[in-house]
Amino acid sequence: MSALSLLIGDDFQRLFRSFEHTAYRLEVRESHNAPREVESFRRFRAGELVDLSWAESWFAMIREAAAEGRRFARVRIVSLPLSEYSRFGLWAARRTNEAGEDIRYLPREIASGHDLPNHDYWLFDSRKLVMMHFGEQDKFQGGEIITDAAEIVKHNYWRDVAQHHAIRRDDFEAKV
């Protein structure tokens, strides 16, 4: 049995600059262990001023893609009441939405009634599926490119279902 080959670093980042039309993410995890956001999350929890300058390259990439007619979208499946990390994500998503990404929220209870998967993935141009792998303490390990056509079709279907039932970020924030 061979070791799983995962895209990380620049190889993974290249996916976000090379898609033609759409980059879609289904996000089902309740938390992520992203070292770059630790201090911002701490400040958020403490009610202090939060600096998101570490994410400016992400915002700039989304703005650039939007200006070129390419679209970023994601659905976050969340438990209610929201965890502190999910509240932080909802707050930070305001900036991401302003940059041009369409972030929506789907309560886990509703998602479970639609047989959505319990794993995170990116889908580029409806044809390149990248499964997200996480290790201990929610640390991102890398992305695995899946080439099986049936899996890609299934993940496209799940995207459509999640998008259909999800609530736009601003409307969701007004409800929680």
Side-chain angles (χ1 to χ4, degrees), residues 6-29 31-41 43-44 49-78 82 85-106 116-117 119-134 140 142-147 151-153 155-176:
L6 299 178
L7 295 176
I8 57 172
D10 289 342
D11 291 333
F12 185 73
Q13 291 301 316
R14 227 179 322 292
L15 294 168
F16 300 101
R17 299 226 180 253
S18 63
F19 72 92
E20 294 177 59
H21 308 286
T22 59
Y24 169 81
R25 168 119 185 237
L26 182 70
E27 198 171 300
V28 302
R29 304 180 66 76
S31 66
H32 295 89
N33 184 356
R36 297 181 331 159
E37 67 184 26
V38 168
E39 180 58 17
S40 294
F41 183 42
R43 287 176 165 275
F44 176 83
L49 184 62
V50 179
D51 176 15
L52 291 178
S53 60
W54 56 268
E56 188 50 46
S57 63
W58 179 256
F59 301 145
M61 181 179 60
I62 292 169
R63 284 191 297 271
E64 179 182 311
E68 296 169 354
R70 298 181 303 127
R71 184 171 168 261
F72 276 88
R74 82 175 66 208
V75 170
R76 289 181 169 155
I77 297 176
V78 294
L82 293 177
Y85 185 83
S86 291
R87 285 189 311 105
F88 171 67
L90 179 63
W91 173 83
R94 180 179 301 127
R95 288 278 311 277
T96 312
N97 272 52
E98 289 169 357
E101 182 173 0
D102 177 15
I103 298 179
R104 298 174 185 224
Y105 286 80
L106 181 59
L116 293 172
H119 58 266
D120 286 25
Y121 67 88
W122 278 98
L123 187 59
F124 298 93
D125 296 323
S126 301
R127 66 177 183 253
K128 183 178 282 186
L129 173 61
V130 181
M131 302 288 284
M132 308 288 285
H133 288 269
F134 296 86
F140 178 60
E144 174 190 7
I145 294 181
I146 305 296
T147 58
E151 281 300 308
I152 293 168
V153 167
H155 285 76
N156 273 284
Y157 171 77
W158 285 331
R159 176 205 53 214
D160 294 348
V161 170
Q163 283 283 113
H164 177 76
H165 294 285
I167 304 164
R168 291 184 187 279
R169 185 230 165 264
D170 293 348
D171 296 336
F172 183 76
E173 183 181 45
K175 289 182 176 192
V176 293

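Position 1 is the first residue of the sequence; numbering continues from there.
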Stepwise, does the side chain to side chain contact (heavy atoms under 4.5 Å, CB included) test hold for Phe88 with Ser40?
CA-CA 9 Å; Phe88 171 67; Ser40 294; 3.9 Å; yes

Look at the aromatic rings of Trp158 and His119 and report parallel, tilted or perpendicular, splitting at 30° and 60°.
perpendicular

Do we see a donor-acceptor contact under 3.5 Å between the side chains of Asn156 and Arg159?
yes

Please report whether the ring centroid of Phe72 lies less than 6.0 Å from that of Trp58.
yes

Rounded to the nearest 0.5 Å, how far does [atom2] of [Y] lie from [atom1] of [X]?
X: His155; Y: Ile146; atom1: NE2; atom2: CD1; value: 7.5 Å
X: Arg76; Y: Asp120; atom1: CZ; atom2: CG; value: 10.5 Å
X: Trp122; Y: Ile145; atom1: CH2; atom2: CD1; value: 14.0 Å
X: Leu106; Y: Glu27; atom1: CG; atom2: CD; value: 12.5 Å
X: Arg29; Y: Phe140; atom1: CZ; atom2: CZ; value: 10.5 Å
X: Asp102; Y: Tyr24; atom1: CG; atom2: OH; value: 10.0 Å

I want to check something: taking the side chain as every heavy atom from C-beta on, are [X] and [Y] in contact at a cut-off of under 4.5 Å?
X: Glu39; Y: Trp54; answer: no
X: Leu52; Y: Trp91; answer: yes
X: Val176; Y: Leu90; answer: yes
X: Met131; Y: Glu151; answer: no
X: Leu82; Y: Tyr105; answer: no
X: Tyr121; Y: Val130; answer: no
X: Arg87; Y: Phe44; answer: yes

Identify the heavy atoms of [X] and [Y] that sit nearest to each other, and give their distance.
X: His21; Y: Asp125; result: N-OD1, 2.5 Å
X: Leu26; Y: Ala162; result: CD1-CB, 3.9 Å
X: Ala93; Y: Ile103; result: CB-CD1, 3.7 Å
X: Ala99; Y: Ala66; result: O-CB, 4.4 Å

What's the verdict on salt bridge (charged side-chain N to carboxylate O under 4.0 Å, His left out) for Arg127 and Glu20, showing C-alpha distance, side-chain angles and the deciding distance?
CA-CA 11 Å; Arg127 66 177 183 253; Glu20 294 177 59; 2.6 Å; yes

Could you check whether Arg169 pairs with Glu173 (Lys NZ or Arg NE/NH1/NH2 to Asp/Glu carboxylate O, under 4.0 Å)?
yes

Give a yes or no on whether a salt bridge exists between Arg63 and Glu56, defined as a side-chain N under 4.0 angstrom from a carboxylate O.
yes

Under 6.0 Å from the six-membered ring centre of Phe19 and within 45° of its axis: does the NZ or CZ of Arg70 meet both?
yes

Where the side chain of Asp51 meets the backbone of Ser53, is there a donor-acceptor pair that is under 3.5 Å apart?
yes

